[in-house]
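Order of listing sets the numbers, starting from 1, for every ligand and every atom in it.
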Amino acid sequence: MEESFRFKEPTETLLSEERVFRPLPEIVVEANISPKDYKKALEKGQRDLEGFWEEAAEKLEWFKKWDRVLDESHAPFYRWFVGAKCNIVYNALDRHIKSFRKNKVAIIWQGEPLGEKKKLTYYELYRRVNQFASVLKSLGLKKGDRVAIYMPNLLQTAIAMLGCAKIGVIHTVIHSGFSAIALKKRVNDAKARVIVTSDGAYWNGKIINLKKAVDEAIIECPSVEHVIVVKRTGEPIDMSDGRYLWWDDLMEGASEECETEILDAEHPLYILYTSGTTGEPKGVLHVHGGYMVGVYRTLKWVFDLKETDIYWCAADIGWVTGHSCLLYGPLLCGATTLMYEGHPLCPKADRLWQIVDKFGVNILYTAPTTIRMLMRFGAELPRRHHLKTLRLLGTVGEPINPEAWLWYYENVGRERCPIMDTWWQTETGMFMITPFPISLLKPGSVAKPFPAIHVEIVDREGNPIPQGKGGFLVIKRPWPAMFRTLWGDPDGYKKYWEIIPGNVYTTGDVARKDEDGYFWIQGRADDIMKIAGHCIGTADVENAFFSHPAVAEAACISIPDSIKGEVAKVFVVLKKGYKPTDELDRELRQYVQKELGPIAIIKSIEFVKNIPKTSSGKIMRRVLKSKELGLDPGDLTTLAD
Ligand code: ATP
Ligand code: MG
């Protein structure tokens, strides 16, 4: 990433969003964190970082408390809750079954085929997790071993993850949309002893044969001793290889009792490979203690989880959002979490609204790419459903353009539900910059750093950049849910702290801060353009395109230009009913030039049917750019389709 961080000057702001939205009084009055508490938390987080996180840790249960909160002696290899003993599963399950939550629904699972749904109470989930942990033990797995999980959003995926963690086995979930090659690469990198998979997966009305990818991959995966297969679709599959075992057979005989392993707070919990938007995916390692504290604190406060809520994070379990916000976070908070197996357009484009309506969902968390996709089908679809139970909305993954934000706010939230635009990364494990339910909201801004998160915008040398201009987004102080290393690549981990002087963590994103201290993500540092001496982020240019009624999607890249240094090229997907004509090309250019001013020189517009994205829905600008320039596109294993 270093070489591409080439720009030295601050980025310019081409678009500014003036609209401000205030939360309704009832949201503020009922919020877990009042405006006064929020102010106090911000102040404490600045003054006493360790005290702030210690207070959060006290809310959870530990087998043994810490000797000290933070050890910086081997920075950037920070250690949190040093000397403490815990297990995240104890806090996500065991502690609830001793309380009134024992019979509360922990997970509601909705299959893609209509009518397929299941619910598990905390007690039922606890027992099934015990069984799976017993299965792993009977296969000889020990603390520290790795298990790869290659499955979509199934109850068994959640059970497998928690079953691993329960006995100190490290899980690595591999997105079920990945090919055999991507699977092989990750399984070998983690040296997994077991793969858990399913016979097939439902995806947008089709059946994907997952098992076939596993067959292909394991030919070259020498570490794999067993493959546990969940029966999901019932397609005929070949189980003749001695390594294949049926999930149901193993679970049937397994004990429903299993001791929760007492682990060091720094014991690894999982390895998760990043989205691969900007390059090779990296094997991010998270641990039990600090991760549970950070995820618990941030989710409970930002999504304002209440005992009676139904909370739906519509992400795939294969991404960090699925780990922190679909599974671990809500269970740590004792919430009811909804898991949807399938595609948002299946069988029709109102599936999300139908699910909210059916279960009475109170909190919905999704991604800008999903919102933009659903916008294309019009506001009548959400309008047709009963969405009155919704209280809060959320978004994550990419900058959300103000048009999509407003559509979500008006048509889904019916102007009652604040939108939590949460900025974070696989590496951070938890929300880092985010509004609270009580915050003033500006469409497209991720608001302010979470209390005790010390964020700054700096230049290449680490000097602060004046307010209003953009630069590298860095984090100056450690946080408990931070990754501890890259699996098998401690030097790669150290690099994050070495790019910019001052022992700061370089996020790889570029952002600016406005006069109210609100942050605006302008794009990836790799993608910043330098046009005629002006540094410009991709988000401003794309947002200008998004605000034109003909544009469904836009992706901006820079291309070298002998006079201007660089110029912008924009790939555009049109909305239904619009044709890619020269006239529209001209109109779009005039329109965005007016929006952005003369600095942003749009060299060309190319109308395309699709924009390359990661399986998690992020635009892969590097793929467009390498194609444009005839260069090697790099790792494509996380490219969707
Ligand atoms: P790789 O690191 O392999 O290139 P990735 O960065 O896409 O992949 P993730 O960890 O899944 O992998 O994504 C984190 C990134 O997503 C952030 O660095 C940021 O660019 C983007 N992002 C996440 N949330 C937001 C948000 N609310 N607003 C703007 N951008 C966001
Ligand atoms: Mg990244």
Side-chain angles (χ1 to χ4, degrees), residues 1 4 173 175 182 186 272-284 286 298 302 315-325 365-371 393-402 404-405 408 419-435 441-450 455 470 472-475 481-483 486 489 492-493 495-496 499 505-512 518-528 537-540 542-543 612-623 634-640:
M1 96 172 142
S4 44
V173 181
H175 188 275
R186 288 163 181 73
L272 185 65
Y273 294 85
T274 59
S275 294
T277 311
T278 52
E280 280 277 314
K282 304 166 277 272
V284 164
H286 283 290
T298 47
V302 174
D316 190 282
I317 195 86
W319 304 117
V320 72
T321 311
H323 282 55
S324 298
C325 301
Y365 188 32
T366 185
T369 177
T370 308
I371 298 165
L393 300 174
T395 162
V396 61
E398 282 191 300
I400 185 164
N401 52 299
W405 193 100
Y408 195 32
I419 299 177
M420 302 299 104
D421 184 353
T422 57
W423 179 91
W424 57 301
Q425 307 178 300
T426 312
E427 293 90 337
T428 70
M430 61 181 222
F431 308 152
M432 301 297 275
I433 313 180
T434 173
L441 300 173
K442 304 187 185 190
S445 166
V446 292
K448 294 190 179 185
F450 194 85
V455 177
F472 299 111
L473 181 68
V474 300
I475 303 165
M482 65 196 297
F483 65 143
L486 294 182
D489 182 17
Y493 171 83
K495 266 207 191 116
Y496 283 87
I499 295 169
Y505 167 81
T506 298
T507 65
D509 286 353
V510 169
R512 73 180 168 90
Y518 273 50
F519 284 72
W520 301 78
I521 307 294
Q522 294 185 297
R524 309 283 187 140
D526 296 0
D527 299 327
I528 293 298
T538 47
D540 275 3
E542 287 162 10
N543 287 351
K613 291 195 184 144
T614 61
S615 312
S616 52
K618 296 168 195 247
I619 298 174
M620 273 179 147
R621 295 178 195 80
R622 68 178 163 93
V623 172
D635 190 300
L636 293 180
T637 55
T638 67
L639 189 67

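Nearest non-hydrogen protein atom to atom 4 (O) of ligand 1 is Thr278 OG1, 2.4 Å. Atom 5 (P) of ligand 1 has its closest protein heavy atom at Thr277 OG1, 3.5 Å. In terms of protein heavy atoms, atom 11 (O) of ligand 1 is closest to Ser275 OG, 2.8 Å. Looking from atom 9 (P) of ligand 1 to the surrounding protein, the closest heavy atom is Thr426 OG1, 3.4 Å. Here the heavy atom of the protein found nearest to atom 22 (N) of ligand 1 is Gly397 O, 3.3 Å. Summary of contacts: the protein heavy atom closest to atom 6 (O) of ligand 1 is Arg524 NH1, 2.8 Å.
Closest heavy-atom approach to atom 16 (O) of ligand 1 within the set Lys618, Met620, Gln425: this belongs to Lys618. Counting only non-hydrogen atoms, the option in Asp509, Asp635, Ile433 that gets closest to atom 20 (O) of ligand 1 is Asp509.
Between Gly276 and ligand 1 there is a heavy-atom distance shorter than 4.0 Å. Using 4.0 Å as the threshold, Val320 has no heavy atom nearer than that to any atom of ligand 1. Contact between Trp424 and ligand 1 is present, with at least one heavy atom of the residue lying under 4.0 Å from the ligand. Using a 4.0 angstrom heavy-atom cutoff, Ser616 does not count as in contact with ligand 1.
When each atom of ligand 1 is checked for a heavy atom of Lys282 under 4.0 Å away, the hits are 1 (P), 2 (O), 3 (O). With ligand atoms numbered from 1 in the order given, ligand 1 contributes 24 (N) to contacts under 4.0 Å with heavy atoms of Val396. For ligand 1 and Pro399, the ligand atoms under 4.0 Å from any heavy atom of the residue are 28 (N), 29 (C), 30 (N).
Ser615 contributes a side-chain N or O that, together with a main-chain N or O of Thr638, makes up a donor-acceptor pair within less than 3.5 Å. Between the side chain of His323 and the backbone N or O of Ile317 there is at least one donor-acceptor pair closer than 3.5 Å.
When only modelled atom types and interatomic distance are considered, Thr369 and Lys618 share no side-chain donor-acceptor pair under 3.5 Å. Side chains of Ser275 and Thr277: a donor-acceptor N/O pair is absent below 3.5 angstrom, by distance only.
At a 4.0 Å heavy-atom cut-off, ligand 1 touches Ile521 through the side chain alone. Contact annotation for Glu398 and ligand 1: only backbone heavy atoms (N, CA, C, O) come within less than 4.0 Å of the ligand.
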Could you check Val455 against Met432 for side-chain contact (heavy atoms from CB on, under 4.5 Å), going step by step and ending with a plain yes or no?
CA-CA 9 Å; Val455 177; Met432 301 297 275; 5.7 Å; no
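Tested against Tyr365, the residues Thr422, Leu393, Val302 include a single side chain to side chain contact (heavy atoms under 4.5 Å, CB included) partner, Thr422.
Residue Val446 has no nitrogen or oxygen atom sitting less than 3.5 Å from a nitrogen or oxygen atom of ligand 1, judged on distance alone.
Asn401 meets the side chain to side chain donor-acceptor pair (under 3.5 Å) test with Arg372; sequence neighbours excluded. In this structure Trp520 satisfies the ring pair (Phe, Tyr, Trp, His ring centres under 6.0 Å) test with no other residue, sequence neighbours excluded.
The pair Arg621-Glu542 counts as a salt bridge, with a side-chain nitrogen and a carboxylate oxygen less than 4.0 angstrom apart.
Closest heavy-atom contact between Leu441 and Pro435: CD2-CB, 3.5 Å.
Ring geometry for Phe483 against Tyr505 counts as perpendicular: the plane angle is over 60°, on a 0 to 90° scale with 30° as the lower cut.
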